[in-house]
2 protein chains.
Amino acid sequence: MPDPLDPGPPLTAAGERLAVAASELFYRHGIRAVGVDLVAEHAGTTKKTLYDRFGSKDALVALYLRRRARTWQAFLAERTRGDGSVLAVFDALDAWLVTQDRGCAFVNAYAEIGGTDHPGVAVVRAEKEWMRELFAGLAGDAGLGAQLHLLFEGATVMVTAGGQPDAVVRAREAARALLGV
Amino acid sequence: MPDPLDPGPPLTAAGERLAVAASELFYRHGIRAVGVDLVAEHAGTTKKTLYDRFGSKDALVALYLRRRARTWQAFLAERTRGDGSVLAVFDALDAWLVTQDRGCAFVNAYAEIGGTDHPGVAVVRAEKEWMRELFAGLAGDAGLGAQLHLLFEGATVMVTAGGQPDAVVRAREAARALLGV
DNA sequence: ACGTAACCATACCGGTCGGTATACTCGCAG
DNA sequence: CTGCGAGTATACCGACCGGTATGGTTACGT
């Protein structure tokens with residue numbers, strides 16, 4: 001089966017502008033709150049081009065999530081370069097959330113499309129699976145990795161929905177305790 | 001200031017039916033996905049009555065969240081009666097999520113209304129604050145309580161958006177480790 | 001008997017939704 | 001020269017959005 005996180009081949013010029021506009025708008029305001037007209041307008045193009053390139057709003061939403069996953073993974077790789085430790089992942093999250101004030105795009109998207117057959121659901125699942133396996137690999141233990149991942153997800157939620165900026169620091173402390181270091 | 005989680009005085013008969021219908025529909029399908037016409041229809045009443053009772057959709061959404069908080073707190077109190085331990089809270093969450101397959105209503109709502117001046121935002125914040133203080137009280141330590149709360153929130157996310165039913169069990173294991181029991 | 005709160009029924013408002021249709025221009029490869 | 005993919009521009013579709021207006025029917029307390 002194909003990788004649900006693969007962002008696919010390069011886009012045309014207007015297609016790329018549409019994807020960028022969709023990412024910004026969907027993340028900031030939510031999926032249902034943003035209409036295709038608004039996306040096309042922000043991209044400086046038309047609804048016709050949007051449907052020529054992507055076929056449907058659902059497909060554009062799925063692409064938004066795939067590109068979002070790639071962006072986060074690239075940020076994480078750069079921030080943890082030369083420091084493949086669990087704690088470095090929490091430091092990366094702290095830095096990430098400074099500029100991403102609407103929290104986890106995948107959790108937010110799932111709040112709107114969960115329980116449906118929307119093509120974005122598989123992307124959300126795949127991204128969470130990817131993170132859990134990342135922690136399992138770093139911890140060298142699947143069970144411990146899953147526990148560390150829960151701290152990671154909980155911290156993301158509490159920084160945004162909970163309005164508690166120190167949640168990542170608390171998560172890092174708990175991770176240290178679980179790791180016994 | 002008034003308690004953001006106070007569900008207010010009892011409602012009239014049709015008002016109560018509207019609140020019940022709103023809870024079910026908003027939780028299952030999301031806030032923007034459900035129109036006021038649909039809520040009124042499910043309640044067996046009319047849009048006119050909805051606006052006579054609540055004044056706006058936003059106010060109805062805020063009430064939905066306040067009632068949801070009360071329902072969860074009542075469930076938790078009943079499940080942990082006679083066992084005021086941290087681990088009992090995780091057991092209660094496990095039982096709760098069996099019937100609540102769309103995850104945390106407050107996280108989901110924040111995904112749609114976060115970053116706005118929607119009256120529901122304060123309710124979301126208050127509910128998360130309430131849970132964090134519950135854990136702080138049970139653990140007898142604010143810092144440790146915050147850490148346990150992160151496991152709680154992370155588990156809720158991973159059971160639903162992550163599709164991992166054993167996340168609560170993992171969270172409970174991690175909580176035991178953090179508590180040193 | 002009277003006022004009033006609650007409720008039902010229906011119609012309407014301007015605006016936006018996702019999606020389609022028509023018609024055109026441009027650059028490029030065969 | 002021709003065909004085609006890409007893009008622009010505009011108009012349109014039925015459906016639905018949150019919210020308002022009008023009018024009438026119960027039931028109850030004073």
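Small disclaimer: the values here were computed from a predicted structure and weren't measured. Note on naming: letters A, B, ... go to the chains in the order of the sequence lines (proteins, then strands), and numbering restarts at 1 for each one. Below, all heavy atoms of this structure are taken into account, side chains as well, without hydrogens, waters or symmetry copies.
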Subject >> Common cluster, F54(A)/L38(A), ILVMFWY with side-chain heavy-atom separation under 4.5 Å >> reply: yes
Original post:
How would you label the contact of T49(A) with the nucleic acid (heavy atoms, under 4.0 Å): base, sugar-phosphate, or nothing?
Top reply: base
**OP:** Give the nucleotide from the list dG7(D), dG18(C), dC7(C) with an atom nearest to the side chain of K57(A).
**Re:** dG18(C)
Subject >> Residues touching DNA chain D, which here means a heavy atom under 4.0 Å, drawn from residues 18-45 of chain A >> reply: G44(A), T45(A)
**OP:** Starting at atom CG of L50(B), determine the distance to atom P of dG18(D), rounded to an integer number of angstrom.
**Re:** 10 Å
Subject >> With F90(A) via ring pair (Phe, Tyr, Trp, His ring centres under 6.0 Å) - residues at least two apart >> reply: F135(A)
Subject >> Contact list for residues 107-119 of chain B, test side-chain hydrogen bond (donor to acceptor under 3.5 Å, both in side chains), sequence neighbours left out >> reply: D58(B)-H118(B)
Subject >> Inter- and intrachain pairs under salt bridge (Lys or Arg N to Asp or Glu O under 4.0 Å), touching residues 84-105 of chain A, at least two apart >> reply: D91(A)-R172(A)
Subject >> Rounded distance in Å - CZ (F54(B)) to P (dA6(C)) >> reply: 12 Å
Original post:
Taking Y64(B) for the side chain and V20(B) for the main chain, is one N or O donor matched with an acceptor at less than 3.5 Å?
Top reply: no
Subject >> DNA chain C contacts among residues 114-122 of chain A, heavy-atom distance under 4.0 Å >> reply: none
For residues 155-170 of chain A, tabulate all N or O donor-acceptor pairs below 3.5 Å that involve a side-chain atom, not counting sequence neighbours.
{"unit_1": "T156(A)", "atom_1": "OG1", "unit_2": "F152(A)", "atom_2": "O", "d": "3.0"}
{"unit_1": "T160(A)", "atom_1": "OG1", "unit_2": "T156(A)", "atom_2": "O", "d": "3.0"}
{"unit_1": "T160(A)", "atom_1": "OG1", "unit_2": "V157(A)", "atom_2": "O", "d": "3.2"}
{"unit_1": "Q164(A)", "atom_1": "OE1", "unit_2": "R132(B)", "atom_2": "NH1", "d": "3.3"}
{"unit_1": "Q164(A)", "atom_1": "NE2", "unit_2": "E129(B)", "atom_2": "OE1", "d": "3.3"}
{"unit_1": "D166(A)", "atom_1": "OD2", "unit_2": "R170(A)", "atom_2": "NH1", "d": "3.1"}
{"unit_1": "R170(A)", "atom_1": "NE", "unit_2": "E173(A)", "atom_2": "OE1", "d": "3.4"}

Can you give the donor-acceptor pairs under 3.5 Å from side chains of residues 71-80 of chain A to other protein atoms, not counting sequence neighbours?
{"unit_1": "T71(A)", "atom_1": "OG1", "unit_2": "R67(A)", "atom_2": "O", "d": "2.9"}
{"unit_1": "T80(A)", "atom_1": "OG1", "unit_2": "L76(A)", "atom_2": "O", "d": "2.8"}

Subject >> Interatomic distance where CZ belongs to R53(A) and P belongs to dG5(D) [whole Å] >> reply: 10 Å
Subject >> Qualifying residues under side-chain hydrogen bond (donor to acceptor under 3.5 Å, both in side chains), relative to T45(B), sequence neighbours excluded >> reply: T49(B)
Original post:
Within the pair T12(A) and dG7(D), is there a side-chain N or O less than 4.0 Å away from OP1 or OP2?
Top reply: yes
**OP:** Please identify each residue that fulfils ring pair (Phe, Tyr, Trp, His ring centres under 6.0 Å) with F106(B), with sequence neighbours left out.
**Re:** none
**OP:** Considering just the side-chain nitrogens and oxygens of R17(B), establish if one lies under 4.0 Å of OP1 or OP2 belonging to dC8(C).
**Re:** yes
Original post:
How would nucleotides 20-30 of chain C be written as a contact map, 5' to 3', with B for base contact, S for sugar-phosphate-only contact and - for no contact, using protein heavy atoms under 4.0 Å?
Top reply: B-B--------
Original post:
Going by the salt bridge (Lys or Arg N to Asp or Glu O under 4.0 Å) test, which pairs reach into residues 28-39 of chain B, not counting sequence neighbours?
Top reply: D37(B)-K47(B)
Subject >> R66(A): side-chain hydrogen bond (donor to acceptor under 3.5 Å, both in side chains) partners, not counting sequence neighbours >> reply: none
